[in-house]
**Student:** 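Below: one structure in structure tokens.
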Amino acid sequence: MKTDELREKYLEFFVSKGHRRVASDVLVPTWDPSVLFTPAGMNQFKDHFLGKIKLEFTRATSCQKCLRTGDIENVGRTAYHHTFFEMLGNFSFGDYFKREAINWAWEFLTDKKWLGIDPSRLTVTVYKDDDEAAGIWAKDIGLKVDRIERCDEDENFWPASAPSQGPDGVCGPCSEIYFHPDQGKSVEIWNLVFTQFNRVGDPPNNLRPLPSKNIDTGMGLERTAATLQGVPTNYHIDTLFPIVQAAAEVCGVKYELDSDNGRRCRRITDHVRACTFAIHENVYPGPQKEKYVVKRLLRRAVLDGHQMGLHEPFLHKLVPAVVAAMKGPYPELAETAKRVASVIEKEEANFFGTIDAGLNRIERAFDDMRKDNRTRVEGAVAAELYQTYGVPPELFESLAAEHNLAFDWEGYGKSMEEHGEASGKVQHTVMGAKGPIDSLKHALHSTEFLGYDTTVADAVVKGIITGKAPNDHLVDKLDEAMSASRGVPAPGAQVTDAVRVILDRTPFYGESGGQVGDVGKLVGDGFEFEVIDTQKDGALIVHIGHLRQGTIREGAKVRATVDDARRDAIRRAHSATHILHYALQKNLGSHAQQQGSKVTDDELRFDFTNLSPVESAQLAAIAKDVVERVAAGAPVKWETLPLADARKQGAMMLFGEKYPDPVRMVSMGDFSRELCGGVHLTNTGEVGAFEILSEEGVSAGTRRIIALTGKKATDYRARIEAEVKRASEKLGVAGYDLPHAVEALIEKRRELKRALEAGVKPNLVAAQATVKKVAGDTAESMKSILGEAARRMSVGLLGVAERIEAMASEVESLGQRLAQREAAGPLSADSLLEKATTEGGVTVVVADLPGVEPNLMRQLIDQIRQKQPLSAVLLATTQGEDKVTLVAGISKQLQERGLSAGKWIGPVAAAVGGGGGGRPDLAQAGGKDPAKLPAALEVANRTIAEMLKA
RNA sequence: GGGGCCAUAGCUCAAUUGGGAGAGCGCUGCUUUUGCAAGGCAGAGGUUAGGGGUUCGAUCCCCCUUGGCUCCA
């Protein structure tokens, strides 16, 4: 039986038993912070099991794509392990229980109409104390006792060993069904979990019956298909074997079941399937969390290829095979196949680069070992290379084997464990700790939110909470004297010091969906409360702030007033965010989806998926689209409607988000439809000005745009214009000539420096920079003018004028030094030699050269040494008010007589209050006292004379 | 969120207690050759990521910022 057929039959069977057929949840459920990937079919029904939501159905069946990395080491080595797999399941939420679950499982497995498995090949296990399940297997099904095995809690309880070891909470016994093939080991194909207890504390008597019992079953699709198809491993079933073969072909090896390469091909198959699905959901390989898992899976697969002799990207070539094998149930994979392949290829290329760099480091490590005559690669060394540069230990080991060196896996594991600990353990947040807010939740349930329609409303105080987190408590009333922070708010006052007020209804928006909370005032009879932030806690809206005046009491009437101007600015930024999202997708492609967002007053931060930096031309096009959409003034509307309807209308949905149903959909004209709970303008035209501040990377594959709207955008433009004005005035040119003038300034500085260091006259021909002429003086051209100038000097846009000032003064001082040098007369090796003295046949030059660079002094020394093979030269110069620089050189023949420039320069430097040193042929030193330079030069003459005599 | 590492010519990378910034490839010009992927000669190209500190002197030591790599959770 084909795998697709098995999947379909299973779902069909349970639909015939009154189950709702539910589509697979996403692989990466960002709505569920407790897991990185969907680990099992029941994950999307957590709230159903806990009775947290209103049930529209009490029986469900699904085929869920899952990813687990717990057994990653076994993938490819065993017949049945995967990271990515599909799980068939049927679920009962307080509906049917053990009897139906067992009977239907047996019917589906053995009935000719369904799977038709020979019943004699099946055995079951039950939990040792579960007489009920054992009884059903024996009486209803007619299984003999020897085919019903009773197992301990570590095998047949969920969670494993829960009764004795916890955790507390819902749990229950389970019953597993095993298939026994002609040969080989028996295989567990179906696990029926009967959640019927609530565990409270340690045994005994810690298992309390649940009022509402649930069924949660899981049948591994690949495993069951393998038994039905009679193949020795899951990887040989019809949906996986083509990928295995493609892997073997791409890697240029012959596939064999029982060889290292066979195992590698199977591992590649599993990992590329997992990566394809994850990247399809916009989870790109990256440095954290689920992104990191994808990266690790991908790199493991690539490493397998590398060990089969491949040296360039290949894994991406397997994406079509994955799509072909999985497109039956997941046709959407085909839509993103190209993008997925390119993401994989890019990451592969990165990793091959890492491997190449790793090979060098490994060779170096081998060199070190050879020096010390060691024959075993220390685990700590391998771990350090892995942690620092990502050098895979497997690579290290196989190279070590080629050199007949052993590899210390044990030490490696130990070092990695230590690294894990050094990197910080999981910070456990106390779950379910009860605070004062929980009792309010119980009494009030929710705060009515009025803020979509108004910013002012009358309400009643329902709760007042004071104190810091662990010691916070509800109070009946609070007066000025009791408020920890009355009067003027202290700058940087901690919000945790603040008072929290809960109302029955409010126009204040609590921070959510990236939009910040509102600020404003709560005013009542004789009191005033300033709200500095608003947060959501469950369905409650919490006003955080300080009592400024009077006494606030529970039950008091208040008028809640949101800071209108700020709220309007938030509206502008939030609507602009939607327009930007639209423009990004239009210009970059549909993959440019939101990854995160922060909306404050007239300022927005938007993270989205994109592999490479957005080019400046693209960025300009995006900004232009936004501005055009704003100018067009499309109406903004919102409505609450069923999720399915919103989807039909093409509302943008993000992978992994779980939306409430019904949802709030915000539309702008006919170009943007997003599900969003935030506040918006009524017309896009109200956004006003829009300016993109920056585009930058936040992690691999994710880019961030920061932009301004309304007043902040206008202010920003004004600052740009002011900067251009200041910078161009400084240089005495018109604004549009700024890039030219900057280029000329840079050129002049460079030429002066060269002249000073080479001892020549500067060639001050004005630099003819080729700069794109920018016409007009619009805000856009101002920005591009400043951008040109900023790029040339590698500073930010608003640092241009400052940098120009610094450069101008540097040019001035360079010019002064040059003038000083020229005033001191001609400078050359010959002119110095004319003034030289002779000491025992050796030419000695000791001179003060005002305004000369140390570098030039070195060159002069070289020239003199070339002309006079027997020479000793010491040159000095004064730099600034309090600095002397000395350079001394000794010709080669004198060095051979034991003279050293370093020894010569020492006492000279001491004479000007400094020190120094260097090599025998050339030494450099300095001091702080220019006034003593003449005396120091006397010291230089005496010292060299003594050295020559010795 | 935390640990480690890196940033030097267009590219890949050197530079030893802190003392003169280099190589290979690429580029430009000349030359050799029937021609060329080649050979020979010469040359250009650097705020050593940015900022601050220690020092007579910093690519090197310390601190901060930015960007990148890598591992752990």
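It should be emphasised that the depicted structure is a prediction, and the values quoted were computed from it without experimental measurement.
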**Student:** Tell me which of Gly390(A) and Arg865(A) sits closer to the 5' end of RNA chain B, going by the nucleotide each one is nearest to.
**Tutor:**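 On the 5' side of the pair lies Arg865(A).
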
**Student:** Whole-Å distance between G57(B) P and Leu886(A) CG?
**Tutor:**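 To the nearest whole Å, that distance equals 12 Å.
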
**Student:** Quick check: on RNA chain B, is the nucleotide nearest Gly913(A) upstream (toward 5') of the one nearest Leu922(A), or the reverse? Name the residue that is more 5'.
**Tutor:**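 Residue closer to the 5' terminus by nearest nucleotide: Leu922(A).
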
**Student:** If only side-chain N and O atoms of Lys289(A) are considered, is one of them under 4.0 Å from the OP1 or OP2 phosphate oxygen of G1(B)?
**Tutor:**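 No, no such contact exists.
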
**Student:** Using only side-chain N and O atoms of Thr885(A), determine if any of them is under 4.0 Å from OP1 or OP2 of G57(B).
**Tutor:**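 Thr885(A) to G57(B) OP1/OP2: no side-chain N or O under 4.0 Å.
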
**Student:** Between Tyr412(A) and Phe407(A), how do the two ring planes meet: parallel, tilted or perpendicular, split at 30° and 60°?
**Tutor:**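 Rings of Tyr412(A) and Phe407(A): tilted, as their planes differ by 30° to 60°.
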
**Student:** Taking atom C1' of G20(B) as reference, at what distance in whole Å does atom CD of Gln863(A) sit?
**Tutor:**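 Rounded to whole Å, this separation is 14 Å.
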
**Student:** Could you check how far CD of Glu384(A) sits from P of C5(B), rounded to whole Å?
**Tutor:**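 Roughly 8 Å, once rounded to whole Å.
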
**Student:** Is the side chain of Thr38(A) donor-acceptor paired with the backbone N or O of Ala40(A) at a distance under 3.5 Å, no angle test?
**Tutor:**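 No; judged by distance alone, with no hydrogens or angles, the pair does not exist.
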
**Student:** Tell me which nucleotide, if any, is Watson-Crick or G-U wobble paired with A14(B) when both distances must be under 3.5 Å.
**Tutor:**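 Pairing partner: none.
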
**Student:** CE of Met857(A) versus P of G20(B): gap in Å, rounded?
**Tutor:**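 After rounding, the gap between these two atoms is 13 Å.
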
**Student:** C71(B) P sits how many Å from Leu303(A) CG, rounded?
**Tutor:**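 From Leu303(A) CG to C71(B) P: 12 Å.
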
**Student:** Return the nucleotide paired to G1(B): Watson-Crick means purine N1 to pyrimidine N3 with N6-O4 or O6-N4, wobble means G-U with N1-O2 and O6-N3, both under 3.5 Å.
**Tutor:**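 Checking every strand shown, G1(B) finds its partner in C72(B), with both distances under 3.5 Å.
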
**Student:** Give me the distance, rounded to whole Å, that separates G4(B) from A9(B) when you measure between the C1' atoms they each carry.
**Tutor:**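 Here G4(B) and A9(B) have their C1' atoms 29 Å from each other.
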
**Student:** Using atom C1' in both nucleotides, what's the gap between G22(B) and C62(B) to the nearest angstrom?
**Tutor:**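 Rounded to whole Å, the distance is 27 Å.
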
**Student:** If you compare every side-chain N and O of Arg296(A) against the phosphate oxygens of C71(B) (OP1, OP2), does one of them come in below 4.0 Å?
**Tutor:**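 Arg296(A) to C71(B) OP1/OP2: no side-chain N or O under 4.0 Å.
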
**Student:** Enter the distance from His316(A):NE2 to Ile279(A):CD1 here, rounded to the nearest 0.5 Å.
**Tutor:**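 It is 12.5 Å, given to the nearest 0.5 Å.
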
**Student:** Which listed nucleotide (G20(B), C71(B), G57(B)) is nearest to the side chain of Asp862(A)?
**Tutor:**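 Nucleotide nearest to Asp862(A)'s side chain: G20(B).
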
**Student:** Quick one: are Ser891(A) and Ser871(A) in side-chain contact, heavy atoms under 4.5 Å?
**Tutor:**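 Side-chain contact under 4.5 Å: yes.
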
**Student:** Asn350(A) has an atom CG; how far is it from atom P of C6(B), in whole Å?
**Tutor:**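 From Asn350(A) CG to C6(B) P: 20 Å.
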
**Student:** Take atom OH of Tyr386(A) and atom C1' of C69(B), then tell me their distance rounded to the nearest Å.
**Tutor:**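 Taking atom C1' of C69(B) as the reference, OH of Tyr386(A) is at 14 Å.
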
**Student:** Under 3.5 Å for both donor-acceptor distances, Watson-Crick or wobble: does A42(B) have a partner, and if so which one?
**Tutor:**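 When the pairing criteria are applied, U28(B) turns out to be the nucleotide that pairs with A42(B).
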
**Student:** Is the charged tip of Arg361(A) near the ring of Tyr389(A): under 6.0 Å from the six-membered ring centre and within 45° of its axis?
**Tutor:**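 Yes, cation above the ring, under 6.0 Å and within 45°.
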
**Student:** With rounding to the closest Å, how many angstrom separate the P atoms on G2(B) and G45(B)?
**Tutor:**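 Taking atom P in both G2(B) and G45(B), they lie 44 Å apart.
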
**Student:** Under 4.0 Å, heavy atoms only, any strand: does Ala925(A) hit a base, just the sugar-phosphate, or nothing?
**Tutor:**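 If one applies the 4.0 Å heavy-atom cut-off, Ala925(A) turns out to touch a base.
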
**Student:** Side chain of His419(A) only, please: which of G20(B), C56(B), G3(B) is the nearest?
**Tutor:**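 The closest nucleotide is G3(B).
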
**Student:** What distance, rounded to whole Å, do you find between the two C1' atoms, one in G51(B) and one in C69(B)?
**Tutor:**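 One C1' to the other, the span is 23 Å.
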
**Student:** Would you mind telling me which of C56(B), C5(B), U70(B) lies closest to the side-chain atoms of Arg299(A)?
**Tutor:**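 For the Arg299(A) side chain, the nearest candidate turns out to be U70(B).
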
**Student:** Indicate, with a heavy-atom threshold strictly under 4.0 Å, whether Asp921(A) touches base, sugar-phosphate, or nothing.
**Tutor:**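 Result for Asp921(A) = base.
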
**Student:** Taking the same atom, P, in U8(B) and in G46(B), what whole-Å distance lies between them?
**Tutor:**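 Between the two P atoms, the distance is 15 Å.
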
**Student:** Please measure how far the C1' atom in A21(B) lies from the corresponding atom in U47(B), and state the result in whole Å.
**Tutor:**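 It comes out at 14 Å once rounded to the nearest Å.
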
**Student:** Taking atom C1' in both G10(B) and U16(B), what distance in whole Å separates the two?
**Tutor:**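 Between the two C1' atoms, the distance is 30 Å.
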
**Student:** If you only use heavy atoms from C-beta on, which nucleotide in G3(B), C5(B), C69(B) is closest to the side chain of Thr354(A)?
**Tutor:**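 So the nucleotide nearest the side chain must be C69(B).
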
**Student:** Looking only at side-chain atoms of Arg858(A), point me to the closest of A21(B), G57(B), G4(B).
**Tutor:**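 From the listed options, A21(B) comes nearest.
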
**Student:** Measure the CG-CD distance between Leu310(A) and Glu348(A) for me, rounded to the nearest 0.5 Å.
**Tutor:**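 Between atom CG of Leu310(A) and atom CD of Glu348(A) there are 9.5 Å.
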
**Student:** How far, in whole Å, is C56(B) from C13(B) if one measures between their P atoms?
**Tutor:**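 One P to the other, the span is 37 Å.
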
**Student:** Under 4.0 Å, counting only non-hydrogen atoms across every strand here, what does Arg361(A) touch: a base, just sugar-phosphate, or nothing?
**Tutor:**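 No contact at all - Arg361(A) keeps every heavy atom at 4.0 Å or more from the nucleic acid.
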
**Student:** Identify whether any heavy atom of Gly926(A) sits under 4.0 Å from a base atom; if not, whether one sits that close to sugar-phosphate; answer base, sugar-phosphate or nothing.
**Tutor:**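 The residue Gly926(A) makes base contact.
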
**Student:** Can any side-chain N or O of Asp408(A) pair as donor or acceptor with the backbone N or O of Gly411(A) at less than 3.5 Å?
**Tutor:**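 At least one qualifying donor-acceptor pair exists.
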
**Student:** Figure out the OH/P separation between Tyr389(A) and G68(B), and round it to whole Å.
**Tutor:**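 Value for this atom pair: 19 Å.
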
